[in-house]
K.L.:
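Before I ask anything, let me first share the structure, which is written out below as structure tokens.
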Amino acid sequence: MSSIFEIVHKDAAGRIGRLTTPHGVVETPTVMPVINPNIQLIRPEEMRSFGAEVLITNSYIIYRRDELRERALKDGLHALLGFDGPIMTDSGSFQLSVYGEVEVTNEQIIEFQQKIGSDIGVPLDIPTPPDVLRSRAESELATTMERLAEARKIVTDGMLLAGPVQGSTYQDLREQCASTLSELDFDIYPLGAVVPLMESYRYADLVDVIVSSKKGLSPTAPVHLFGAGHPMMFALAVALGCDLFDSAAYALYAKDSRYITSNGTYHLENLHYLPCSCPVCSSHTAEELKSADNCEELLARHNLYVTFEEMRLVKQSIKDGNLLELVEQRCRAHPRLLEGLKQAYTYSDWLERYDPISKSTFFYCGPESANRPEVLRFSNRMDRLTITGSAIIRATETKDDSEFDNVLVFKPPFGAFPVELGEVYPFNAEVVRNPDHEALEQALQNTIKLIEQNPEADFTFVNEERFKHPLIESLAGIANVVEYER
Ligand code: GUN
Ligand code: ZN
């Protein structure tokens, strides 16, 4: 693998990276505005002022129209669009998935992308939709793999080459595809055919696709979530290791009078106020926006502003080490996103491998936080703690602490840990005083595990009114449970 991608900061499985392309270095995670070569509400060069560092367009649309094709071949893609930064080109696969066929071969479209000077080219993969029969997913994947291998032979230098991961909703096919593509050594790995999942709010299934694909890839490979442009899911997708996004949403939503926010979408009709301070929203009232002649363009501008604003916040959260807090906030915007969050934490054992050992204070944001990778890490490493003699496990300091050989703090969702670790990440977490069922359950399970791992020690657990849970009874079978007294 060439070193075109350098990771400079990490949080969860998310990262800030530097991607080197023939037209310059791009900081990731980032979103590539989709440029339609036929219709441009906003000029490509102006995209920089919103925060865009790289654009994406469709080479098949250019190839198909004589006038565009001739200009692109003569002057190059960058002159055609009027943008001198990096440009990624898609191949017509999307048209293939919508219309069932395209008038170009894989070899022709790859060579065309190279000739017009694309920075990142994409072969003619087959975007197999979710839930198809396994036999179809397998046979289309076989064709995709042949085309990708062919493209990899054609492109030997200059243009970066993307190898889209397909496999429908079959996790083993996604992982297998990703690992075979890794061996072929692509520069960027888009996760394909996820648009139908996002359109129908199937975020839990999207999480499965992302994680299974990531498992087959090298952790240092840049990953593009194809067709993902709504800012409300950036935090989640970045936390799972996606680096590149593309947004046609800014324009498609504007065309449909929809106003994007990082928590969802409004129909312009229903907006009485503009809950945003971008240049569009601070210079118009909701009524003015609705009646503006250039309403579609203004909406597209607003949509782009909030899209890049959210990506900057995601990057800041990676630097601050609180990306998972942002993910948990964002995923409360819609119950289907919450399903995505819950699904993501079923992969905490995988996330834990990439999550930094120490970062800024862990904030407990609700029952899902009980399944964060940090909590699982503590549970997995508990066998490193050896306790001998007498031990008191208490949440609140007691006057009897000094009578015990060991003082352990009980803090949901973690459980019991030596008091000396109280200021160390993640035990210095900010948590709610009255734990919810999930936090308490996790903490009590971990406490029981710790006691069982240290059968020689003699444990006293100081119970409190706020720790009501059926597992307290199990605890009473292996420890001396006493009630807290002030
Ligand atoms: N755009 C959205 N999804 C896809 C995909 O799976 N493959 C390609 N090439 N482009 C896409
Ligand atoms: Zn705005």
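We're numbering straight along the sequence, starting at 1. Scope of the values below: all heavy atoms of this structure, side chains included, with no hydrogens, waters or symmetry mates. Just follow the structure's listing: the first ligand is 1, and inside any ligand the first atom is 1.
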K.L.:
Looking only at heavy atoms of Pro164, does any of them come nearer than 4.0 Å to an atom of ligand 1?
P.N.:
no
K.L.:
Indicate, as side chain, backbone, both or neither, the part of Leu124 found under 4.0 angstrom from ligand 1 when only non-hydrogen atoms are considered.
P.N.:
neither
K.L.:
Can an N or O of Gly192 be found at a distance shorter than 3.5 Å from an N or O of ligand 1?
P.N.:
no
K.L.:
Identify, for atom 8 (C) of ligand 1, the protein heavy atom at the shortest distance, and state residue, atom and that distance.
P.N.:
Phe226 CE1, 3.4 Å
K.L.:
Is the closest basic N to carboxylate O distance between Glu6 and Arg15 below 4.0 Å?
P.N.:
no
K.L.:
Nearest protein heavy-atom contact for atom 7 (N) of ligand 1: which residue, which atom, what distance?
P.N.:
Asp125 OD2, 2.8 Å
K.L.:
Verify whether one side chain among Ser369 and Glu328 offers a donor that lies under 3.5 Å from an acceptor in the other.
P.N.:
yes
K.L.:
Report the angle formed at the Zn ion (ligand 2) by atom SG of Cys281 and atom SG of Cys276, rounding to the nearest 10°.
P.N.:
110°
K.L.:
Any idea how Tyr60 and Tyr63 line up, ring-wise: parallel (<30°), tilted (30 to 60°), or perpendicular (>60°)?
P.N.:
parallel
K.L.:
Tell me whether the rings of His302 and Tyr259 are parallel (<30°), tilted (30 to 60°) or perpendicular (>60°).
P.N.:
parallel
K.L.:
Ala193 heavy atoms, cut-off 4.0 Å: which ligand 1 atoms fall inside?
P.N.:
3 (N), 5 (C), 6 (O)
K.L.:
Under 3.5 Å, is there a donor-acceptor pair between the Asp84 and His78 side chains?
P.N.:
no
K.L.:
Kindly give the atom name of the N, O or S atom of His302 closest to the Zn ion (ligand 2).
P.N.:
ND1
K.L.:
Do me a favour and list the nearest non-hydrogen protein atom to atom 10 (N) of ligand 1 with residue, atom name and distance?
P.N.:
Asp90 OD2, 2.6 Å
K.L.:
Give the atom numbers and elements of ligand 1 that come within less than 4.0 Å of a heavy atom of Val122.
P.N.:
9 (N)
K.L.:
Are Arg69 and Phe112 in a cation-pi contact, defined as NZ or CZ under 6.0 Å from the six-membered ring centre and within 45° of the axis?
P.N.:
no
K.L.:
Phe362 ring centre to Arg372 NZ or CZ under 6.0 Å, with the angle to the axis within 45°?
P.N.:
yes
